[in-house]
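These notes concern the structure reproduced below.
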Amino acid sequence: MKIKNFINGSFQNPVANEWLDNYNPAYGKVYGQTPNSSKTDVELAFQAAKNAFPSWSQTSVDTRSKILIKISELLETHLQRFAEAESKDNGKPLHLAKSIDIPRAASNFRFFGNAITQFSSESHESIGENAINYTLRQPIGVVGCISPWNLPLYLFTWKIAPALASGNCVVAKPSEITPVTAFLLGEICNEAGLPKGVLNIVHGLGTTAGQAIVEHPEIKAISFTGGTKTGAAIAKIAAPLFKKLSLELGGKNPNIIFADCDYETMLETTLRSSFSNQGQICLCGSRIFVEASIYEKFKTDFIAKTQQLKVGHPSQNSTDIGALVSKTHLEKVLNYIEIAKTEGKILCGGNQVIIPSFKNGYYLEPTIIEIDNNNCRINQEEIFGPVVTIMPFETENNVLEMANQSEYGLSATLWTNNLKRSMQFTQQLEAGIIWVNSWMLRDLRTPFGGVKSSGMGREGGLESLRFFTKTKNVCIKY
Ligand code: NAD
């Protein structure tokens, strides 16, 4: 498969005709090529977006909404094709791509297609001054959207949909590791009647194509999801250019389990929050803290459940854990497992899995590590694989301190039926998203984002529409 850039509504080779190999992680083999785009390609995409902006920004909200909803419907029509492509490109189980990734990409378009029809701005009457203020929220112009490989189309569209809904034109770059569904999206946008140049998709490396988007002086806002180090590099470039910046970065999220929780629901959900998508979700609860009185029981049950998970080819229905996204990533995770051998005790997993028919695939056993110190590297650094730690705690203060003792602050999960404790913990946990007695229960209207090294700004619902618009206050004296 040869992927192409989507610029001005047509599919184009990169100007320099340079290409990157695209791997199928389930086989560990190259199965296609993706453009290794340069600054020149980004410039072409920018020019197309700039030309499309005057018309798109003046297109009625109703028309924009209809086009976005049409894209959503077409994604649903082509669910199977997109899910197969996502699973093949990323290594995630096909049933996961079919039930989570692609439906959510469709929901993103539908949600923001509807949300824009409900978006309004404020007015303030200055009583005693005979003046009225009203606030305009206008599209910014050309904006940049850069996304990671773990939830490829899901996160790509989470940015693009609100940017388009609010009247901007977009230059977007998906991860070079998982470019296929973004490529397929171009076809659907044309079919849905999205005008040429409104969305432009440039493929390539972060340090070249990605950086060219961030550095572009006329791209006035950047919405980025990815690693914390990349976020810092982008912020350094964008700050002196005074760009609007939304950064959704890494996490090392605590999962806090009290003895009074609904045990079976907690156990099932903890299995998911540990290992879904091979543990490659920024919201996974990779630091599990368990109240001492149920620690031994939890440990036995959690190990037993984890050992039942089937590592297998992503296309098989029985597969719980597919392949990790790349060889480099597998090696990174295995390296942390080596560190874990000195910092803790491996309770289960820890080994690469060689599946005879797909022996070069990037498979890894789900791994549980028992530790006794929250400050060790494996509890402080983001591993981003099917690897979790467990450790007991004695008191509320003790676990709250450990939960917050982290560079990151994306999400936290709390399991308890004690209302007072829930209220205290939700107040004091340092994270942007907190789930009590659940995990990954998402309502697209809610603000999404992290604190500390997990990012800056919020996306979701009105927060996204506010991010992708510029605010102008008008004061009229009468
Ligand atoms: P990454 O930072 O390596 O890459 C993300 C994207 O940025 C890719 O498209 C990449 O090409 C691009 N990029 C890289 N360097 C760039 C640069 N200098 N300028 C511009 N663009 C550049 O991240 P990844 O490995 O693809 O994704 C995994 C990370 O993403 C994890 O840390 C994970 O926690 C994080 N993540 C966060 C969220 C969230 O919502 N907070 C969601 C998913 C993933």
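Order of appearance sets the numbers: ligands from 1, and atoms from 1 within every ligand.
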Contact table ligand 1 N or O to protein N or O, d under 3.5 Å:
from, atom 1, to, atom 2, distance (Å)
ligand 1, 2 (O), Gly227, N, 2.9
ligand 1, 2 (O), Thr230, OG1, 2.6
ligand 1, 9 (O), Ser147, O, 2.8
ligand 1, 9 (O), Lys173, NZ, 3.1
ligand 1, 11 (O), Lys173, NZ, 2.8
ligand 1, 11 (O), Glu176, OE1, 2.6
ligand 1, 11 (O), Gly206, N, 3.3
ligand 1, 18 (N), Gln211, OE1, 3.4
ligand 1, 19 (N), Gly206, O, 3.4
ligand 1, 23 (O), Gly227, N, 3.3
ligand 1, 25 (O), Trp149, NE1, 2.9
ligand 1, 26 (O), Trp149, NE1, 3.3
ligand 1, 30 (O), Gly226, O, 3.3
ligand 1, 32 (O), Glu382, OE1, 2.6
ligand 1, 34 (O), Glu382, OE2, 2.5
ligand 1, 41 (N), Leu249, N, 3.3
ligand 1, 41 (N), Leu249, O, 2.7

Counting only pairs under 3.5 Å, give me each side-chain donor-acceptor contact of residues 157-169, with atom names and distances, residues two or more places apart or in other chains.
from, atom 1, to, atom 2, distance (Å)
Thr157, OG1, Asn108, ND2, 2.9
Thr157, OG1, Leu153, O, 2.7
Thr157, OG1, Tyr154, O, 3.2
Lys159, NZ, Ser223, OG, 2.9
Lys159, NZ, Thr225, OG1, 2.7
Lys159, NZ, Glu459, OE1, 3.4
Lys159, NZ, Glu459, OE2, 3.4
Ser166, OG, Pro162, O, 2.6
Ser166, OG, Ala163, O, 3.4
Ser166, OG, Asn168, ND2, 3.3
Asn168, OD1, Ile140, N, 2.6
Asn168, OD1, Gly141, N, 3.1
Asn168, ND2, Ala163, O, 3.0
Asn168, ND2, Phe468, O, 2.8

Presence of salt bridge, Glu43 and Lys39, under 4.0 angstrom:
no
Does the separation of the ring centres of His313 and Tyr27 fall below 6.0 angstrom?
yes
Are Phe448 and Glu463 side-chain neighbours, meaning at least one heavy-atom pair lies under 4.5 Å?
no
Applying side chain to side chain contact (heavy atoms under 4.5 Å, CB included), run through Arg104 and Leu444 and close with a yes or a no.
CA-CA 10 Å; Arg104 172 57 192 277; Leu444 302 191; 3.4 Å; yes
Checking side-chain polar atoms at under 3.5 Å, does Gln12 have a donor or acceptor matched by the opposite partner on Asn5?
no
